[in-house]
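First up is the structure itself, then whatever we jot down about it.
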2 protein chains.
Amino acid sequence: MIYNSVDCVIFGFKDEKLKVLLIKRNNEPQKGLMALPGDFLDSEVSIYASAQNTLKELTSLENIYLEQIRAFGEIDRYPGKRVITISYYALINIEHYTPQAGYTAEKLEWCDIDSLPKLAFDHKEIIAIAHKRLKRRVRTEPIGFNLLPEKFSLTNLQQLYEAILQMELNKRNFRTKINQMKLLIDTGKKQENVAHKPAKLYRFDENIYEKLKEEGFYFNL
Amino acid sequence: MIYNSVDCVIFGFKDEKLKVLLIKRNNEPQKGLMALPGDFLDSEVSIYASAQNTLKELTSLENIYLEQIRAFGEIDRYPGKRVITISYYALINIEHYTPQAGYTAEKLEWCDIDSLPKLAFDHKEIIAIAHKRLKRRVRTEPIGFNLLPEKFSLTNLQQLYEAILQMELNKRNFRTKINQMKLLIDTGKKQENVAHKPAKLYRFDENIYEKLKEEGFYFNL
DNA sequence: TCAAAAGTGTTGCAGGTACACCCATGA
DNA sequence: TCATGGGTGTACCTGCAACACTTTTGA
């Protein structure tokens, strides 16, 4: 007998760090360890819909960026039975996240991508592969933006890319490249109560965003 | 009840064309249609091993390039039961391919990637996604070479990339870029019996090949 | 008036693009 | 000697990398 499950690597961005949403297992096997949110697959539900459900239960969010990573199918990846898991990764605006009833703060946690706790099963490997995929995708499609709030400064955007790609970027050149895309709209607003020149706040031009997503682009940072 | 299967998109290169190995179904459902080779998954076998087995049964080849694409899990993708398939793609040297006993020429066929027959299930979509993946991979890892015979000319190599990427490439620049990689070794041999200047034949430097594969590279064609 | 971060102008250089020409072979 | 495809030299030009300076705010 083979079981199928669906797991989600939910990425968020906060305090200049790339984060993953993890849940503490309260059932055997591996009770007490942190793990990716997920569930066994219902035979009446498509795998994509199953990932969407997991996401909605946890975060109450819908219509968010969600892409399959792949299936993980080593024989012994789950103790006791044969479970093949199909993993997805999601990009969410962490400000929109509100933990759902039933999930207490004790159980759910946003963990830094580069200081993860001990994880159940092969979830460490799954996160690593999700991150690798994200690093590539972010250069090819304008999806990184899904991680930001509606209004953000260019510095926010740069820090996001630096966190995802785990490398430093040159401020001047980063801004030049972003400008070339003509993807940002000046909201007219500025930062408030900061002890320095306040940064302009931008939002996306949804039309250009969709257009770039279709056409594909290469963001040579 | 959910069933799992593993399907393989086996790529080959012949007559300047990128090809896929397809098999005519001789069982219901969709008997008579062409389909990707594959099988239901045995609970004692890892998904990767299952793909390797399919490949070996069909082509008698081992140790070849094999990478998972992803799982396909729409509810109605397979008539009558819920079957989630996990797809792999393989790159083989078509000259090494010898159809195995039990598979007659009537049943197995190398089809052009851009003139595929009607296919069973969602296999057309799977091939399209495999091809898309190959297009990307071929620029990021030196894997395209798996599709060529041991000895090949620079023109062979260029035609391969043109077939995969479905675009024309400039001869002069293509050669310059290949040279920069220092990946090729002059075998000292040349084409024979051609009515023009015979092309030099090359083979790979396995060491550099492995090194590039690890490091990653970007082949900006 | 000072500290801190926002925001911009410019120049040199690497490397990609494009083009045209010569070479070796069989018929 | 001609047709065919193999093989190379180079000049232009785009566009990325690197750097330093000005601006605006709160304290």
State whether A:Lys177 places a side-chain N or O below 4.0 Å from either non-bridging phosphate oxygen (OP1 or OP2) of D:dG15.
-> no
How many Å lie between CD on B:Gln180 and C1' on C:dT17, as a whole number?
-> 13 Å
Assert: residue with more 5' nearest nucleotide on DNA chain D, out of B:Leu154 and A:Lys197, is B:Leu154
What is the distance, rounded to the nearest whole Å, between atom CG of A:Leu201 and atom P of D:dT25?
-> 13 Å
Nearest-Å distance for atom pair CD/C1', residues A:Gln158 and C:dG7 = 12 Å
Between B:Lys189 and B:Lys200, is any pair of side-chain heavy atoms under 4.5 Å apart?
-> no
Among C:dG7, C:dG16, C:dA6, the nucleotide that comes nearest once only the side chain of A:Thr155 is considered = C:dA6
When we call it a touch if two heavy atoms are under 4.0 Å apart, what does A:Thr176 touch: a base, just sugar-phosphate, or nothing?
-> nothing
Nearest nucleotide by nearest heavy atom, which residue falls closer to the 5' end of DNA chain C, A:Arg175 or A:His196?
-> A:His196
Neighbour count >12 (heavy atoms, 6.0 Å) for atom NZ, A:Lys151 | no
More 5' along DNA chain D: B:Lys200 or A:Asn193, using each one's nearest nucleotide?
-> B:Lys200
Lys NZ or Arg CZ of B:Arg172 over B:Phe174 ring: under 6.0 Å, within 45° | no
A:Arg172, nearest nucleotide to its side chain (from D:dC19, D:dG7, C:dG16) = D:dC19
Rounded to the Å, how far apart are A:Met167 CE and D:dA17 C1'?
-> 12 Å
Please report, rounded to the nearest Å, how far the P atom of C:dG15 is from the OH atom of B:Tyr218.
-> 16 Å
Single hit among A:Gln191, A:Arg175, A:Glu16, A:Lys171 for side-chain hydrogen bond (donor to acceptor under 3.5 Å, both in side chains) with A:Thr155 = A:Arg175
Atom-pair distance (CG on A:Asn170; P on D:dG15), nearest Å = 18 Å
Rounding to a whole Å, what distance do you find between A:Asn220:CG and D:dT14:C1'?
-> 13 Å
Does the side chain of B:Tyr89 come under 3.5 Å of the side chain of B:Asp7 through a donor N or O and an acceptor N or O?
-> no
Please work out if A:Lys171 contacts a base, only the sugar-phosphate, or nothing of the nucleic acid, heavy-atom cut-off 4.0 Å.
-> base
Which whole-number value in Å describes the distance from A:Leu184 CG to C:dG7 C1'?
-> 14 Å
Quick note, B:Ala199 side chain, CB onward, closest among D:dG5, C:dG26, D:dG7 is D:dG7
